Amino acid sequence: MKRSFSSQGPSAKKFAPWFNALEESLKDPALRVFEDDQITIIRDKFPKARFHYLALAKSPIDDLEQLTSAHVSLLEHLIEEAHAFVESNVAAKTKNPVRLGFHQVPSMKRLHLHIISQDFDSACLKHKKHWNSFTTPFFMDAEKVLTTLKEKGKVALDKSRAEELLKDPLRCHVCKESLATIPKLKDHIKMHDKDEAVKEPKQ
DNA sequence: GTTCTAGAAC
DNA sequence: GTTCTAGAAC
Ligand SMILES: Nc1ncnc2c1ncn2[C@@H]1O[C@H](COP(=O)(O)O)[C@@H](O)[C@H]1O
Ligand SMILES: [Zn+2]
């Protein structure tokens, strides 16, 4: 028999569903590291590298496929301010290079630009999907998105093909060596880490 | 997206 | 026996 009242019960509080978490985080001053009239940059709450932030437009854009020619100058501004943020803040965190880009098939609502250093040194980076989402073409460079938008007036994606990339075997993003497991990969990439002190070779 | 954990892989 | 991955979450 169906109840006429909410199945959540009288004391259940309503929480925003998990895929709206960025919407909530945008409101949290503790996570905000930059804002102007058009954009906000926030800390990634589960950073996958020593330097990992998200840049979002204040006027909400759903995803890459909603972008039109009308967004070109906003996207240019987002990328420009992201670069400026990196320029003035990255040195305190890492010597490793930083990439700006979008996941082709994000889990979180609201278009967000990843600003992420290439050390990938983080306990939050736990599995193959994490790794491949930042190191395969699943990760679209911001400049490529901008160029495509300027040339075509839209960003067309093959989402099912993009999602296949997440299942690819693990491969070092620097030297392309393949590694069997995440722990082995994490151990391997230390050799490319610009922050890692040079270790004595094993005898 | 994360957390938790069963059972696959080693 | 331990490490590691991958799928459910009501
Ligand atoms: N509540 C949150 N606040 C800020 N960042 C988050 C939150 N939850 C998840 N994230 C990050 O948001 C990103 C979403 O990934 P994706 O949707 O694949 O682009 C990931 O890097 C998460 O670590
Ligand atoms: Zn390598």
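In the text below, chain A, chain B and the rest are named by the order of the sequence lines, each starting its count at 1. Just the heavy atoms: all of them, side chains too, but no hydrogens, waters or symmetry mates, feed the values below. These numbers were taken from a predicted model, which means no experiment stands behind them.
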Within the structure shown, what part of the strands sits under 4.0 Å from A:L22 by heavy-atom distance: base, sugar-phosphate, or nothing? nothing

Grab the CG-P distance between A:L125 and C:dT5 for me, whole Å please. 11 Å

Looking at every strand, decide which applies to A:K184 at a 4.0 Å heavy-atom threshold: base, sugar-phosphate, or nothing. nothing

Under a 3.5 Å cut-off for both distances, is B:dC4 Watson-Crick or wobble paired, and to whom? C:dG7

Starting at atom CE of A:M108, determine the distance to atom C1' of B:dT2, rounded to an integer number of angstrom. 8 Å

A:I116 CD1 to B:dG1 C1', in whole Å, measures 14 Å

Verdict with supporting geometry, A:D36 and A:H77, side-chain hydrogen bond (donor to acceptor under 3.5 Å, both in side chains): CA-CA 10 Å; A:D36 64 14; A:H77 179 70; 2.5 Å; yes

Quick one: A:L170 CG to C:dC4 P, roughly how many Å, whole number? 12 Å

Rounded to whole Å, please give me the gap between CG in A:L179 and P in C:dC4. 12 Å

Just how far, in rounded Å, is C1' of C:dT3 from NZ of A:K186? 15 Å

Check whether the side chains of A:T94 and A:D195 place a donor and an acceptor atom closer than 3.5 Å, and report yes or no. yes

Measure from the side-chain N and O atoms of A:H71 to the backbone N and O of A:L67, and report whether any donor-acceptor pair falls under 3.5 Å. no

Find the distance A:K129:NZ to C:dA8:C1' and express it as a whole number of Å. 14 Å

Find out if a path of hydrophobic residues (ILVMFWY) with successive side-chain heavy-atom gaps under 4.5 Å connects A:I42 to A:I116. no

Are any of A:H130's side-chain N or O atoms less than 4.0 Å away from OP1 or OP2 of B:dT2? yes

What is the nucleic acid contact for A:P106, judged by heavy atoms within less than 4.0 Å: base, sugar-phosphate only, or nothing? nothing

Whole Å only: how far is the NZ atom of A:K126 from the P atom of B:dG1? 12 Å

